[in-house]
Amino acid sequence: KTYSPTDVESKWYAYWQANGFFKAKANPSKKPYTIVIPPPNVTGVLHMGHMLNNTIQDILIRRKRMQGFEACWVPGTDHASIATEAKVVAMLKEKGIDKKNISREEFFKHAWEWKEKYGGIILEQLKKLGASCDWDRTRFTMEESLSEAVIEVFVELYNKGLIYRGARMINWDPQAQTTVSDEEVIYKESQSKLHFLKYYAAENNASGSHAQLEYFTIATTRPETIMGDVAIAVHPDDKRYKHLHGKKFFVPIIKRAIPIVTDEHVDMEFGTGSLKVTPAHDLADYKIGLKYNLEVIDVLNADGTISKSGIIYVGEDRFVARKKIVKQLTEEGYLIESKDITNKVGTSERTGAIIEPRISTQWFCSMKEMAKPTLENVLNGHIQLHPKDKFTNTYKYWLENVQDWCISRQLWWGHRIPAWYDEKGNFVVAKNKEQALNLFNLKFNTQPSTLHQDEDVLDTWFSSWLWPISVFDGFKDKNNADFKYFYPTDDLVTAPEILFFWVARMIMAGYEFTGKAPFRNVYLTGIVRDKQGRKMSKSLGNSPDPFELIDKYSADGVRFGMLLASPAGNDLLFDEKYCEQGRNFANKIWNVYRLISGWEVDKNLTINQKDIRYEWFENQLNKSISEIEEHYDKYRISDALKSIYKLVWDDFCSWYLEMAKPDFGSPIDSLTYEKTIGYFESILKIIHPVMPFISEELWHELKPREPKDCLIVADYPTIKNHNESIVNQANTIFELISQIRNYRSTKGLSPKESLSIQLFDNLNDFQRQALTNFDLIIKKLANVNQIEIIKTKNEKSTLILVAQMEVFIPMDDNFDIEAEQEAKIKELEYLKGFLNSVNLKLNNEKFVANAKPEVVAAEKKKKSDAEDKIDAIEKSLKAIAK
RNA sequence: GGGAGCAUAGCUCAGCUGGUUCAGAGCAUCUGCCUUACAAGCAGAGGGUCCGCGGUUCGAACCCGUGUGCUCCCACCA
């Protein structure tokens with residue numbers, strides 16, 4: 001019977017679901033353990049980043065479930081306002097429908113249809129991976145009750161004065177025709193031209209008596225905005241221009257006169273030390289404009305074309321206009337030169353369009369106050385970031401410099417802003433129209449005949465920042481059982497890219513609305529890259545298809561492989577090799593089962609209850625468990641996997657099973673059989689969180705079980721004390737066995753050829769005990785027929801030094817004297833050098849005086865051990881020479 | 001321009017309080033094995049200027065300074 005992962009995986013996933021093992025409910029007799037999924041975009045399909053992220057969450061939740069927690073993993077999706085709207089608009093376009101020609105209601109109908117059809121594919125895909133989410137709890141950020149929470153929060157924050165409406169410089173995405181937040185602007189290097197333009201003096205135009213400048217040289221990368229120029233700014237201390245303060249110059253082409261103003265922010269050293277002030281299209285300029293109360297001339301339309309205020313090139317796209325204007329400037333002699341430069345251009349995270357800074361009336365959420373507890377509780381460790389060092393500083397910097405959050409978006413797909421306007425433009429903020437009318441009465445003492453709601457919707461993150469609270473209906477009813485039990489949640493697993501977008505804001509919301517942190521730990525995963533270190537992207541085509549990987553290597557194998565190569569916070573340089581290693585590991589485990597299941601038990605065979613094999617393995621197992629648990633507790637998941645791998649492959653398979661397995665054809669005693677089954681069960685438990693499918697399969701293959709007796713809900717092994725001495729004894733013996741095997745290998749002897757060995761009688765208690773305890777093990781695993789303790793060194797033999805023991809293997813006919821001598825001389829040289837360095841230390845008075853006594857003692861022991869060894873080898877060399 | 005993280009075997013990374021866990025693991029490579037659980041395997045082996053340079057210390061992969069090189073974050077140089 002061979003292992004067939006595909007069938008096994010779908011079988012057990014269905015079984016777990018059918019038995020409700022993923023479900024969690026408020027259960028006061030247990031401790032809760034809660035994770036909320038970072039809701040993937042409803043439009044999304046599973047990619048490698050999701051694979052990594054959700055595997056980690058599943059490992060955490062499965063482990064806690066087995067440890068007896070009421071483990072609750074809440075799944076769901078995000079409505080992803082911009083991204084989804086873009087997809088729906090594109091879909092409509094294909095059908096020949098223009099968004100502009102349909103009503104909001106019609107658009108919504110199409111959007112919801114689209115969402116029902118394509119949305120949430122990603123959640124189905126997660127099931128393939130084995131994600132043990134409580135699917136009954138699946139939420140969507142735009143479902144009714146979550147929308148209500150968003151509206152409620154908006155109203156509450158508005159009433160607290162933390163949300164306000166105002167005209168500010170915002171980031172405008174001309175493609176999506178909406179604002180985007182500062183965090184959604186990605187600055188990209190680009191090759192641009194810096195144009196130097198002549199701004200002629202408006203007075204004393206003919207050069208002459210006053211020795212004034214005939215023209216001012218201004219540099220700009222955006223010549224299409226000159227029509228919006230309202231001033232030229234220079235540094236107040238710039239001597240070159242002091243005499244010009246207040247004088248006027250002409251904007252090229254349109255010849256509008258603008259004054260010279262001063263501002264500290266102008267860099268005297270840079271360029272000509274002067275800049276054109278275009279308040280409508282640059283934040284710095286806007287500030288200067290405010291200072292001098294300058295006019296704001298917006299030369300751009302919402303779609304990025306030149307507006308009527310631009311006078312020339314009206315209706316042309318800004319980049320077309322730029323080219324044309326440069327041409328005209330050249331022709332009319334305004335252009336001095338154009339230089340190639342690299343600068344950073346802001347682009348929209350979602351559409352990639354070049355962002356235009358623009359003055360616009362928008363809704364903002366004030367951040368300063370909410371930032372305080374958000375920062376404090378991370379710095380004091382109440383909320384822990386993993387890894388801490390890498391992220392705490394940037395987190396701190398961001399929160400200390402946080403700007404108000406522009407939360408309105410000129411889209412339809414999202415939560416509509418609950419502000420209501422009358423014809424005069426007065427407005428109130430209220431949950432619904434009815435309350436709005438009442439408020440108008442109170443506030444303005446009027447009863448408007450028509451009332452219309454704000455056309456804009458809220459930034460997607462304005463709903464996702466409430467996620468850990470809203471999924472438990474914490475806004476609807478703060479006292480509901482689920483919310484009280486599962487909130488605050490425990491761990492959040494997410495990508496560092498959204499640390500500010502989402503994580504920081506969830507913490508703000510947590511403190512603002514519940515007074516509590518929304519989670520205790522934030523595990524920040526790395527970015528999945530290809531093996532050359534490039535980000536995975538569609539355009540590069542370097543991202544493997546997750547399902548092909550699963551088909552090829554099994555979900556267990558992929559899970560194991562990804563995590564093995566992915567320390568917390570480090571990027572994952574993905575290589576299929578890791579999945580292959582995971583598959584091989586699964587196969588190894590499968591073969592354990594094949595071995596054990598082939599054993600024939602003979603009840604008449606008896607064996608000592610305290611056999612060293614059990615004693616050693618139980619101690620080793622406990623030692624490994626405590627290591628693994630320590631790794632998990634510190635969120636070092638890949639280290640935990642490495643420990644698991646070693647425990648299974650090396651300790652259990654290579655050593656324990658080799659000790660325990662009977663000779664071919666021979667039966668096994670029932671005690672060893674039972675013990676081995678028990679160990680294997682412990683191992684399956686440890687493996688389960690990482691490789692849930694194969695472990696569950698073997699759990700049931702191993703023995704008949706009750707329908708509900710599943711590994712997914714079995715008790716996870718607990719940390720127990722272990723006897724370090726036994727473990728060390730074993731390691732010494734394993735070293736000895738390896739050395740004997742090595743001897744055989746270098747001498748070209750067959751493993752079948754039995755050897756006899758002799759040990760010189762200078763053994764300490766530890767060694768003597770180890771040899772006694774493991775006598776049979778050595779004989780079995782190294783194929784040794786006799787182990788003799790000798791008082792006189794056998795000079796006609798090969799000497800092996802292992803862990804301070806002198807082991808002699810008597811010569812036989814194949815003995816190669818020269819090779820033996822060579823090897824010994826080499827070892828002698830090394831030992832003498834080593835002895836020399838130890839002596840240097842011990843002869844150093846300062847060392848002896850300052851070092852800790854135990855360190856000095858250790859050095860002394862090194863010295864005598866080395867001397868003994870040298871002596872032994874020298875004697876052996878002499879003997880060979882005879 | 002400011003800040004952070006990293007640099008250890010061919011690759012990916014451990015290395016916690018400076019000292020026998022001190023130079024390690026896995027993968028890859030090489031050698032020998034189709035030894036009835038497993039060739040997706042078994043038994044072995046080789047492989048290092050712990051990025052460079054200074055310093056502190058009896059002692060540095062580890063602490064300090066400095067240089068270099070990657071990676072990331074933040075910032076309104078026209």
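Letters A, B, ... mirror the listed sequences (proteins, then strands); counts begin at 1. Below, each value reflects all heavy atoms present in this structure, side chains not excepted, and no hydrogens, waters or symmetry copies.
Y593(A) and E701(A) form a side-chain donor-acceptor contact under 3.5 Å, judged by distance and modelled atom types alone. Of the N and O atoms on the side chains of E735(A) and T732(A), not one donor lies less than 3.5 Å from an acceptor on the other residue. Judged by distance alone, the side chains of S654(A) and E658(A) never bring a donor and an acceptor atom under 3.5 Å apart. S338(A) and H195(A) share a side-chain donor-acceptor pair at under 3.5 Å. Using modelled atom types and a 3.5 Å distance limit, the side chains of T262(A) and Y292(A) yield a donor-acceptor pair.
Going from the C1' atom of A28(B) to that of G5(B) covers 28 Å, rounded to whole Å. Rounded to whole Å, the P atom of G41(B) lies 25 Å from the corresponding atom of G47(B). Going from the P atom of G55(B) to that of C70(B) covers 28 Å, rounded to whole Å. Using C1' as the reference atom, A25(B) and U68(B) are 29 Å apart when rounded to the nearest Å. For the P atoms, the distance from G15(B) to C6(B) is 11 Å, rounded to whole Å. Nucleotides A4(B) and C42(B) place their P atoms 47 Å apart, quoted to the nearest Å. With both ends at atom P, the span from C72(B) to C13(B) equals 14 Å, rounded to whole Å. Comparing G65(B) with U56(B), their C1' atoms sit 10 Å apart, to the nearest whole Å.
Taking the six-membered ring for Trp and the full ring otherwise, Y215(A) and Y199(A) have centroids separated by 6.0 Å or more.
Checked against side chain to side chain contact (heavy atoms under 4.5 Å, CB included), R744(A) has the following partners two or more places apart in sequence or in another chain: I740(A), L749(A), L755(A), N783(A). Take Y656(A) and apply the ring-ring contact (aromatic ring centres under 6.0 Å, His included) test, not counting sequence neighbours, and it matches F617(A), F652(A), Y679(A). Contacts of T278(A) classified as side chain to side chain donor-acceptor pair (under 3.5 Å), with partners at least two apart in sequence or in another chain: D229(A), K276(A).
In this structure, the CZ atom of F391(A) is 11 Å from the C1' atom of U71(B), given to the nearest Å. As a whole-Å value, the separation of K396(A) NZ from C73(B) C1' is 15 Å. Rounded to whole angstrom, the span from the NZ atom of K646(A) across to the C1' atom of C27(B) amounts to 17 Å. One can place CG of L283(A) at 14 Å from P of A78(B), the figure rounded to the nearest angstrom. In this structure, the CD atom of E845(A) is 17 Å from the C1' atom of U57(B), given to the nearest Å. One interatomic measurement links the two molecules: CD1 of I218(A) to P of C77(B), which rounds to 18 Å at whole-angstrom precision. The CD-P distance, from E400(A) to A4(B), rounds to 13 Å in whole Å. A78(B) atom P lies 16 Å from atom NZ of K287(A), rounded to whole Å.
Using a 4.5 Å cut-off on side-chain heavy atoms (C-beta onward), T494(A) and T525(A) make no contact.
Heavy-atom contacts from other residues, nucleotides or ligands closer than 6.0 Å to CD of E724(A) number more than 12. For E600(A), the CD atom sits in a loose shell: 12 or fewer heavy atoms of surrounding residues, nucleotides or ligands are nearer than 6.0 Å. No more than 12 heavy atoms of other residues, nucleotides or ligands shown are found within 6.0 angstrom of NZ on K860(A).
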*Would you give a per-nucleotide map of nucleotides 31-44 of chain B, 5' to 3', where B means the base has a protein non-hydrogen atom under 4.0 Å away, S means only the sugar-phosphate does, and - means neither?*
-----BBB-BSSSS
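Its glycosidic angle being within 90° of 0, U21(B) falls on the syn side. A syn base is found at U20(B): its glycosidic angle is within 90° of 0.
Within the nucleic acid shown, N393(A) comes within 4.0 Å of sugar-phosphate atoms alone, with no base atom in reach, counting heavy atoms only. Residue-level contact check: K344(A) touches the bases, meaning some heavy atom is under 4.0 Å from a base atom.
The side chain of Y645(A) contributes an N or O atom lying less than 4.0 Å from OP1 or OP2 of C27(B).
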*Based on Watson-Crick and G-U pairs with both distances under 3.5 Å, what dot-bracket line describes RNA chain B 5' to 3', crossing pairs as [ ] and inter-strand pairs as |?*
(((((((..((((.....[....)))).(((((.......))))).....(((((..]....))))))))))))....
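Comparing A78(B), G26(B), G19(B) by their nearest atom to the side chain of Q581(A) picks out G26(B). Checked against G19(B), C74(B), C72(B), the side chain of Y397(A) finds its nearest nucleotide in C74(B).
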Under 3.5 Å between N/O atoms: give me all the protein pairs with nucleotides 9-12 of chain B, atom names plus distance.
unit_1, atom_1, unit_2, atom_2, d
U12(B), O4', Y578(A), OH, 3.4

